[in-house]
2 protein chains.
Amino acid sequence: MATHPLTVGLVQHACYSRREVNLAATIDGLQQAAAQGARLVLLQELHGSVYFCQTEDTQQFDLAETIPGPSSEQLAQQARSLGIVIVASLFEKRAPGLYHNTAVVFETDGSIAGTYRKMHIPDDPAYYEKFYFTPGDLGFQPIPTSLGKLGVLVCWDQWFPEAARLMTLAGAELLLYPTAIGWDRSDTHQEQQRQRDAWITAQRAHAICNGIPVLACNRVGFEPNPSLANSGIQFWGGSFVCGPQGELLAQAATDTPQVLVTTLDQQRIDQVRRIWPYLRDRRIDAYHDLLLRYRDK
Amino acid sequence: MATHPLTVGLVQHACYSRREVNLAATIDGLQQAAAQGARLVLLQELHGSVYFCQTEDTQQFDLAETIPGPSSEQLAQQARSLGIVIVASLFEKRAPGLYHNTAVVFETDGSIAGTYRKMHIPDDPAYYEKFYFTPGDLGFQPIPTSLGKLGVLVCWDQWFPEAARLMTLAGAELLLYPTAIGWDRSDTHQEQQRQRDAWITAQRAHAICNGIPVLACNRVGFEPNPSLANSGIQFWGGSFVCGPQGELLAQAATDTPQVLVTTLDQQRIDQVRRIWPYLRDRRIDAYHDLLLRYRDK
């Protein structure tokens, strides 16, 4: 059963080439969030490094670590010393030539409560993730913690209602998205606004259609493209928390680091699902074709 | 292949106890929309009557008609004379004791292009639809027309991403929702705003997650509850059209009848899906549990 009420924190920061600078920003954010009462803190996607997927470069695999490994141990130490649950996002080296984009959940005692390997992997100009990450093979399984069952998903998963639904059906009490998404400066202002608005809207809809709070933590700052093949990414921050009707509870700025702390009324999940009982009415007898790539047979 | 560009119309009006008054409002709206260039017009849910599901009353079955029947013939005549495609919503009598909430699509020659029987049926205080409507048995099949393949869904279907996805996977080029939803006047203003915002957000997300335009047509006006068991429904209108990034293209008022006409750039579906290729990345190998009621085994 979910802890109620539950104060949560999100650490939104910029990333630079030096790993220790990024780690310091993460740890500073964790400590600020804990000081403000957060018992669960969500970090942004791949918070230990710049978003290295802007190019396909075999050298970047040097950034990956095993789990457990140095980064997970440093984060475990923070979870233990602050007595909080941390949802982190690491570049996992599982074996030579086998890497994942992996979320790791640390318990308040520093143990690893569970991991989630990003299931949906994007690949488009400046987001060449299919080069780096093998799609996850752990499925859509919430991670049980002392604060409730966490439906951890990662970035591109945001656009797939299937992922949010599967987590909900497995008893998740929160959906959490570490993410790294931003603007291409060559796009028009209108296109940029449409994209960010779509990103917010799609995730709020997961909250609404499943009667579950959603947390999304995104990085900020401009990161140039090392290949100069395009103009780099202006990460749009805007980390947010919404409740089980999709109502925005807290939202960070688009252009500055920020520690966002807010308190969730977890009893609202049950209340909202009484007035909007979508789980009651799903037509599971008519959903078989969701397992098809396309219905063109 | 979808017609491009495609001018669409939505007829939002109030309903009263006399069927001929409602039909006149519908026909007037169809004619206005056609005069403004609409080639496809979406009507609101159960436009021929008040929203009779506020109580469970066997007398109300008198409102139902066969398809084809008197209402469908009058609408077919409008489609033919105006040369437009019409998406209508009727209370279908299929057999004694067997009724559906059925959308009917009329071709420009007045023929019936296809029907869709509402698959997800709500039932909550003042929306007692499970008493009246047997859940649809036609599945989620787009209806082919001279203007493209129409993914017609109805009201409560709005809250189920599965329905929108299945229509998209079957080649739908538009999602269309006749709907009847409103406020309980005894709710707080904040709760009312959360509900309407959730309704808009969930449907915009179907557009976003599927790269497809969405049309939603809702009624306006206050309809008292005949049983006095509760305070009636203030239907919130707000019919809208959004594009394949969820961007709002047109939106009607919440409190007045309105004919909403706008033009869709149907080539944007292909363009948007090139930058957001979600259909490419669905993890159909890991979606089996979507066919379960709950993952508690």
Side-chain angles (χ1 to χ4, degrees), chain A residues 119-124 135-137 139-141 156 159-166 168-171 190-191 193-195 197-209 243 245-247 274-296, chain B residues 119-125 135-137 139-141 156 159-166 169-171 190-191 193-195 197-209 243 245-247 274-296:
Chain A
M119 290 287 284
H120 300 97
I121 306 294
D123 197 279
D124 54 286
D137 56 353
F140 301 97
Q141 296 293 345
W156 192 239
W159 307 99
F160 297 83
E162 293 91 342
R165 184 69 98 197
L166 285 165
T168 303
L169 292 178
Q190 281 187 327
E191 173 65 17
Q193 293 311 112
R194 274 197 299 272
Q195 291 185 8
D197 198 24
W199 176 78
I200 297 167
T201 302
Q203 292 177 88
R204 288 180 61 207
H206 300 326
I208 296 161
C209 294
Q245 284 178 307
E247 71 278 19
R274 289 182 190 201
I275 63 165
W276 289 346
Y278 308 133
L279 298 188
R280 181 191 65 188
D281 293 333
R282 295 176 67 243
R283 289 295 304 271
I284 54 174
D285 61 308
Y287 288 170
H288 296 81
D289 285 0
L290 290 171
L291 306 183
L292 297 181
R293 181 65 62 210
Y294 202 66
R295 300 174 68 194
D296 49 3
Chain B
M119 290 286 284
H120 300 97
I121 306 295
D123 197 279
D124 55 286
D137 57 353
F140 301 97
Q141 297 292 346
W156 191 239
W159 307 98
F160 297 84
E162 293 91 341
R165 184 69 97 197
L166 286 164
L169 293 177
Q190 281 186 328
E191 173 65 18
Q193 291 312 111
R194 274 198 300 273
Q195 290 185 8
D197 198 23
W199 176 78
I200 297 168
T201 301
Q203 292 179 86
R204 288 180 60 208
H206 300 327
I208 295 162
C209 294
Q245 285 178 306
E247 71 277 19
R274 289 182 190 200
I275 63 164
W276 288 347
Y278 309 132
L279 298 188
R280 181 191 66 187
D281 293 333
R282 294 176 69 244
R283 289 295 303 271
I284 54 174
D285 61 309
Y287 288 170
H288 297 82
D289 284 0
L290 290 171
L291 306 183
L292 297 181
R293 181 65 62 210
Y294 202 64
R295 300 174 68 194
D296 50 3

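In what follows, chains are A, B, ... by sequence order, proteins preceding strands, each numbered from 1.
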Where does the angle between the aromatic ring planes of A/Phe160 and B/Tyr278 fall among parallel (under 30°), tilted (30 to 60°) and perpendicular (over 60°)?
perpendicular
Most contacts with chain A, counted as non-hydrogen pairs under 4.5 angstrom, among B/Asp296, B/Ile200, B/Asp197, B/Thr201
B/Thr201
What residue in B/Pro122, B/Ala202, B/Cys209 has the most heavy-atom pairs under 4.5 Å with chain A?
B/Cys209
The criterion is salt bridge (charged side-chain N to carboxylate O under 4.0 Å, His left out); which residues satisfy it with B/Asp137, sequence neighbours excluded?
B/Arg94, B/Arg117
Contacts of type salt bridge (charged side-chain N to carboxylate O under 4.0 Å, His left out), residue B/Arg274, not counting sequence neighbours:
B/Asp270
Using a strict cut-off of less than 4.0 Å between a Lys/Arg side-chain nitrogen and an Asp/Glu carboxylate oxygen, indicate whether B/Asp123 and A/Arg280 qualify as a salt bridge.
no
Leading residue by heavy atom contact count with chain B [cutoff under 4.5 Å; candidates [options]]:
| options | result |
| --- | --- |
| A/Leu279, A/Asp124, A/Leu292 | A/Leu292 |
| A/Glu247, A/Arg204, A/Gln193 | A/Arg204 |
| A/Asp289, A/Ile275, A/Leu169, A/Ile208 | A/Leu169 |
| A/Ala207, A/Ala198, A/Ala164, A/Pro277 | A/Ala198 |
| A/His206, A/Gln203, A/Met119 | A/Met119 |

Under 4.5 Å to a heavy atom of chain A? For B/Pro135 that would be both
Using heavy-atom distances under 4.5 Å, tell me whether [X] contacts chain B through its side chain, its backbone, both, or neither.
| X | value |
| --- | --- |
| A/Ile121 | backbone |
| A/Glu191 | side chain |
| A/Gln195 | both |
| A/Trp156 | side chain |

Where the side chain of [X] meets the backbone of [Y], is there a donor-acceptor pair that is under 3.5 Å apart?
| X | Y | answer |
| --- | --- | --- |
| B/Arg295 | A/Gln141 | no |
| B/Arg282 | A/Leu290 | yes |
| A/Arg283 | B/Gly136 | yes |
| B/Arg194 | A/Gly246 | no |

Applying side chain to side chain contact (heavy atoms under 4.5 Å, CB included), run through A/Leu291 and B/Asp285 and close with a yes or a no.
CA-CA 7 Å; A/Leu291 306 183; B/Asp285 61 309; over 6 Å; no
In terms of heavy-atom contacts, B/Ala205 and A/Ala205 come closest through CB-CB, 3.1 Å
Could you walk me through whether A/Glu162 and B/Arg165 pass side chain to side chain contact (heavy atoms under 4.5 Å, CB included), step by step?
CA-CA 9 Å; A/Glu162 293 91 342; B/Arg165 184 69 97 197; 2.7 Å; yes
